[in-house]
2 protein chains.
Amino acid sequence: MITNNIIGFQLSAKSSERLFSVNPMTLENLEETFIPATEAEVNLAVEKAFKAWRLYRNVSGEERAAFLNEIAKGIEALGDMLVQRMKLETGYPEARILVERNRTVAQLRMFAEEAVQEQWKEISFDAALPDRKPTPRPSLRKTMFPIGPVVVFGASNFPLAYSTAGGDVASALAVGCPVIVKAHDSHLGTNALVAEVIMQAAQKTGMPDGVFSSLNGDGLATGKLLVQHPRTAAVGFTGSQRGGRALFDLGQQREIPIPVFSEMGSVNPIFLLPEKIKEDTNALAAQLAGSMTLSGGQFCTQPGILVALNDDRTDALKLALCEKLNAADDALLLNQGISKSYRNGIAEIKNSLDVKLIFHRESGRDNAVSPALAVVQAQQFLANPKLHREIFGPFSLLVLCQSYKEMSQIAEALEGQLTAAVFMQEVERATALPLIEVLIEKAGRIIVNGVPTGVEVCDSMTHGGPYPATTDNRFTAVGTHATQRWLRPVTFQNFPDGLLINT
Amino acid sequence: MITNNIIGFQLSAKSSERLFSVNPMTLENLEETFIPATEAEVNLAVEKAFKAWRLYRNVSGEERAAFLNEIAKGIEALGDMLVQRMKLETGYPEARILVERNRTVAQLRMFAEEAVQEQWKEISFDAALPDRKPTPRPSLRKTMFPIGPVVVFGASNFPLAYSTAGGDVASALAVGCPVIVKAHDSHLGTNALVAEVIMQAAQKTGMPDGVFSSLNGDGLATGKLLVQHPRTAAVGFTGSQRGGRALFDLGQQREIPIPVFSEMGSVNPIFLLPEKIKEDTNALAAQLAGSMTLSGGQFCTQPGILVALNDDRTDALKLALCEKLNAADDALLLNQGISKSYRNGIAEIKNSLDVKLIFHRESGRDNAVSPALAVVQAQQFLANPKLHREIFGPFSLLVLCQSYKEMSQIAEALEGQLTAAVFMQEVERATALPLIEVLIEKAGRIIVNGVPTGVEVCDSMTHGGPYPATTDNRFTAVGTHATQRWLRPVTFQNFPDGLLINT
């Protein structure tokens with residue numbers, strides 16, 4: 001099977017080059033071949049998206065909702081074919097894939113509802129005051145307006161929920177922005193199946209040609225063409241800090257800068273106060289180990305740093321954590337890049353004089369890795385900023401503090417995060433509060449007595465946070481407010497009734 | 001009189017260098033001397049602002065409102081001293097100064113009300129669902145949170161309303177962000193008077209030391225230190241495209257990029273449809289000439305481009321416009337930089353083969369310039385992007401079109417704008433609508449049958465627009481929503497009652 005690029009309602013395959021997906025379990029190329037987009041194809045996709053924008057933004061909310069609901073239905077109709085393909089490309093267990101598929105179609109339906117309700121328009125109105133002295137006031141009506149063609153770079157770890165028909169795409173389509181998806185190299189086949197569903201849904205529901213395109217190609221080269229195209233209005237990216245920053249820089253260096261929403265690394269620190277550790281050490285260890293190793297630790301909200309006092313209670317927790325990790329399976333990582341980074345990260349920890357690897361075991365297959373836990377003293381952690389960075393996968397670093405003051409110093413020293421959590425007993429409020437005051441400066445979501453994995457899709461979610469968690473901490477990538485990234489305000493002054501119907 | 005920098009509650013004068021304001025009427029230095037901030041003083045101001053942020057963000061809305069209201073009262077109490085100083089530094093007539101002062105204190109009081117009402121918090125709440133299957137939902141509460149210390153670069157043309165206690169400053173202070181103002185070189189004395197009022201108001205109402213600082217200094221060198229300081233969280237700027245872009249680039253190139261809201265140039269095109277011109281040519285000419293020359297044409301919403309069909313009606317309008325301009329006084333521009341740019345711009349127009357200067361007269365004093373009107377054919381305009389750029393001052397370029405199609409081509413070719421306007425008769429809806437559809441892509445505010453000058457301060461104002469009008473078209477610099485630039489969302493998950501009171 002050869003799979004083409006999808007440019008609006010056309011399949012397109014101009015390049016003679018070929019791409020392949022890799023099976024993470026066998027490390028062999030999968031059979032299907034994929035054709036990367038040429039520069040001309042990239043340009044065509046963006047030009048089509050621009051033309052589509054002029055029509056699509058005037059399509060009614062009900063019609064856009066029908067389009068999004070049709071995509072959801074189409075993804076469900078792919079049934080086991082999609083599940084099996086995603087399994088081949090990710091190595092995820094079926095249960096994990098089904099959860100992600102459910103979330104993806106639920107998100108599409110939620111944004112369909114948003115398209116109809118139109119609360120994202122945030123309409124405000126100031127009536128004319130013709131008799132006001134010294135100057136009359138004209139009528140002013142303000143509404144949010146779709147920003148234009150949006151380019152989305154999907155995430156390796158969420159082929160459905162953060163990729164081809166994921167939250168970025170659904171939220172942009174809901175508010176009237178056409179989308180061009182750059183398919184992730186790791187799951188070209190999953191992308192192809194979903195992209196075809198979107199194309200067919202667009203045709204079936206009468207959307208304009210160009211409202212959606214899907215392009216294969218090298219992340220950096222194709223990405224650069226997409227971000228630099230003068231008709232591109234905004235960019236969504238989920239992935240590494242290196243990649244996200246590179247795209248952000250390209251976006252800001254343009255003659256006309258554009259917003260680039262890169263969601264990047266995060267170590268999601270968890271501060272463990274002693275009375276809470278004591279309460280039920282074993283259950284806490286199980287909860288933490290579960291969050292560390294869920295989906296092979298390949299969640300952007302995986303807790304990479306634990307912070308606790310250096311005392312007997314923490315010693316007990318350490319032992320219990322090692323037991324839980326010992327009972328956990330090896331994690332099959334998504335691709336060779338990720339498993340190589342993980343192995344290198346663990347090797348560096350092993351060779352470090354300051355850090356002690358207290359749980360790790362040898363693992364067999366190339367992409368299968370052992371969960372790992374390491375321990376470091378607070379002062380060593382503070383002296384070595386490299387330890388503050390993410391090792392993507394099922395690893396956490398436990399930072400041992402001599403005092404609450406050191407705990408606060410750790411909080412102060414951390415980079416920006418998607419989340420930060422505090423485990424505390426009621427009696428520990430006075431200790432927790434100053435810690436939380438610092439964590440608010442560092443993270444988009446602050447959690448009490450809960451692990452960071454499990455990102456609720458709702459109005460009140462903030463999936464975002466200060467750099468390097470994201471390149472723009474004023475927005476969320478998950479939940480209904482994700483639409484705000486693709487909008488800008490426009491005011492209509494002194495407009496006669498009925499001149500503009502759809503704004 | 002020697003005026004120092006104000007750093008929190010301290011006056012500070014470490015530098016041996018001296019700065020002066022220039023009287024635009026005489027081109028001579030005014031008597032007072034001003035001391036620029038050293039690098040150490042810049043750092044101190046930002047560090048103090050950071051420390052103040054941790055206290056100020058927890059100050060109640062009522063207390064912040066008392067602070068803002070006290071500033072408004074203090075500005076009024078300066079009375080004629082402030083008016084006379086501003087007159088010396090701007091050459092503005094007293095009536096113009098009083099209007100700006102009224103707007104400034106009204107803005108402060110509006111943002112005081114915002115501080116109390118707290119609608120900018122945009123609080124949303126999703127209650128816990130402990131019995132949900134397969135996983136329970138934790139409670140989630142989302143609120144907007146002040147982003148941190150804000151640096152404001154005031155505007156040459158609005159020493160009060162867009163500078164020391166202007167909209168950027170008042171909106172940031174209202175939501176809990178400390179502010180450091182870089183005083184504009186053109187009105188150091190006006191800045192000093194207002195800055196002292198703010199310092200005293202902060203002391204009187206018990207605000208934390210560092211909530212406000214005012215620094216003198218070279219725009220680029222001092223500006224660079226301020227924007228690059230790691231504790232600076234956001235920047236507001238109003239001025240030239242060169243300056244605004246330079247600060248934007250500095251902000252984006254930081255290790256941790258920050259939002260830089262530069263409001264820059266705009267030609268605020270006005271499209272004049274023939275039936276409307278015919279209706280009352282003389283009144284229309286008076287309205288246009290008034291908007292062109294108001295405050296010496298030194299408004300960011302001054303209409304620099306007029307677009308009309310090349311026909312008898314436009315000929316009549318042209319004549320009427322020249323008559324109105326002939327009756328208008330010369331404009332005294334704010335400083336030598338502005339008058340030099342204006343004179344150069346007019347000289348280039350004079351020397352151009354394509355453009356015909358149809359109104360201009362010789363003017364005497366250095367900073368006093370004649371209003372000017374030039375005419376160009378649409379195809380020549382399209383071929384020469386230089387003509388699309390702003391000549392700051394009382395100048396407009398009339399673009400003559402052979403057809404409505406050419407009019408649309410002009411709209412398509414324009415850069416981003418703060419505003420765009422269409423003058424039309426009811427019978428011209430069908431002609432206006434496609435034009436408006438293009439103008440929405442280009443501007444933050446679209447006006448029917450009105451001039452762009454006169455920016456209403458209210459909920460529904462958008463004072464912003466696509467680049468190069470601003471560096472971030474997703475926000476407004478005027479009106480209640482101006483607060484949104486200084487906020488980011490934070491979600492509190494599973495928080496026990498009463499743990500965080502003020503969020």
Side-chain angles (χ1 to χ4, degrees), chain A residues 54 124-126 135 137-138 140-142 145 147-148 248-249 252-253 256-257 259 416 419 426 429 432-433 436-437 440-441 443-450 454 456 458-462 464 466-468 471-476 481 484 487-496 499-500 503, chain B residues 54 58 124-126 135 137-138 140-142 145 147-148 248-249 252-253 256-257 259 416 426 429 432-433 436-437 440-441 443-450 454 456 458-462 464 466-468 471-476 481 484 487-496 499-500 503:
Chain A
R54 291 191 159 173
S124 75
F125 183 67
D126 288 284
T135 48
R137 180 171 82 182
L140 292 145
R141 181 185 163 88
K142 182 175 183 168
F145 183 78
I147 202 164
F248 175 79
D249 288 343
Q252 305 324 299
Q253 288 156 6
I256 297 180
T419 75
E426 266 301 309
R429 281 196 178 210
L433 199 56
I436 289 170
E437 279 284 356
I440 297 177
E441 299 173 5
R445 178 164 55 111
I446 322 289
I447 307 159
V448 169
N449 294 334
E456 191 68 35
C458 62
D459 288 346
S460 308
M461 176 49 62
T462 302
Y467 191 92
T471 49
D472 194 337
N473 62 16
R474 293 167 298 163
F475 295 89
T476 178
H481 295 153
Q484 292 175 339
L487 297 164
R488 67 178 181 89
V490 179
T491 294
F492 300 94
Q493 179 173 322
N494 196 35
F495 264 55
L499 180 58
L500 271 188
T503 48
Chain B
R54 291 191 158 173
N58 288 325
S124 75
F125 183 67
D126 287 285
T135 49
R137 180 170 83 182
L140 292 145
R141 180 185 163 88
K142 182 174 182 169
F145 183 78
I147 200 164
F248 174 80
D249 288 342
Q252 306 323 300
Q253 288 157 6
I256 297 181
E426 267 301 310
R429 281 196 179 209
L433 199 56
I436 289 170
E437 281 283 356
I440 297 177
E441 298 173 5
R445 178 163 55 111
I446 322 289
I447 307 160
V448 169
N449 294 333
E456 191 68 35
C458 62
D459 289 346
S460 308
M461 175 50 62
T462 302
Y467 190 92
T471 48
D472 193 337
N473 63 16
R474 294 166 299 162
F475 296 88
T476 177
H481 295 153
Q484 293 175 339
L487 297 165
R488 68 177 181 89
V490 179
T491 293
F492 299 94
Q493 179 174 322
N494 196 35
F495 264 56
L499 180 60
L500 270 188
T503 48

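Below, read A as the first sequence line, B as the second, and so on, with proteins coming before strands; counting in each chain starts at 1.
The CG atom of A:Asn449 sits 11.0 Å away from the CD atom of B:Gln493 when rounded to the nearest 0.5 Å. Here the CZ-CD distance, from A:Phe248 to B:Gln252, works out to 4.5 Å after rounding to the nearest 0.5 Å. Rounding to the nearest 0.5 Å places CZ of A:Arg474 at 5.0 Å from CG of B:Asp472. To the nearest 0.5 angstrom, B:Thr462 atom OG1 is 12.5 Å from A:Phe145 atom CZ.
A:Leu487 touches chain B through its backbone: at least one of N, CA, C or O sits under 4.5 Å from a heavy atom, while the side chain does not. For B:Ala432, no part lies near chain A; criterion is any non-hydrogen pair under 4.5 Å. Interface remark: A:Glu426 contributes side-chain atoms only to the contact with chain B (heavy atom separation under 4.5 Å). Contact annotation for B:Phe475: both backbone and side-chain heavy atoms come within less than 4.5 Å of a heavy atom of chain A.
When B:Glu441, B:Glu456, B:Gln253, B:Gln484 are compared by the number of non-hydrogen pairs under 4.5 Å with chain A, B:Glu441 comes out ahead. Counting heavy-atom pairs closer than 4.5 Å to chain A, the top-ranked of the candidates B:Thr135, B:Leu433, B:Thr476 is B:Leu433. Of the listed residues (B:Asp459, B:Ile147, B:Leu140, B:Ile447), the greatest number of heavy-atom pairs within a distance under 4.5 Å of chain A belongs to B:Ile447. Considering only heavy-atom pairs separated by less than 4.5 Å from chain B, the leading option among A:Thr419, A:Asp249, A:Ile436 is A:Ile436.
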Trace of the side chain to side chain contact (heavy atoms under 4.5 Å, CB included) decision for B:Val448 with A:Phe492: CA-CA 8 Å; B:Val448 169; A:Phe492 300 94; over 6 Å; no
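Panel note: side chain A:Ser460, backbone B:Phe125; a donor-acceptor pair is recorded below 3.5 Å.
Between B:Arg488 and A:Ala443 the shortest heavy-atom distance is NH1-O, 3.2 Å. The two residues A:His481 and B:Lys142 have their closest heavy-atom pair at ND1-NZ, 3.0 Å.
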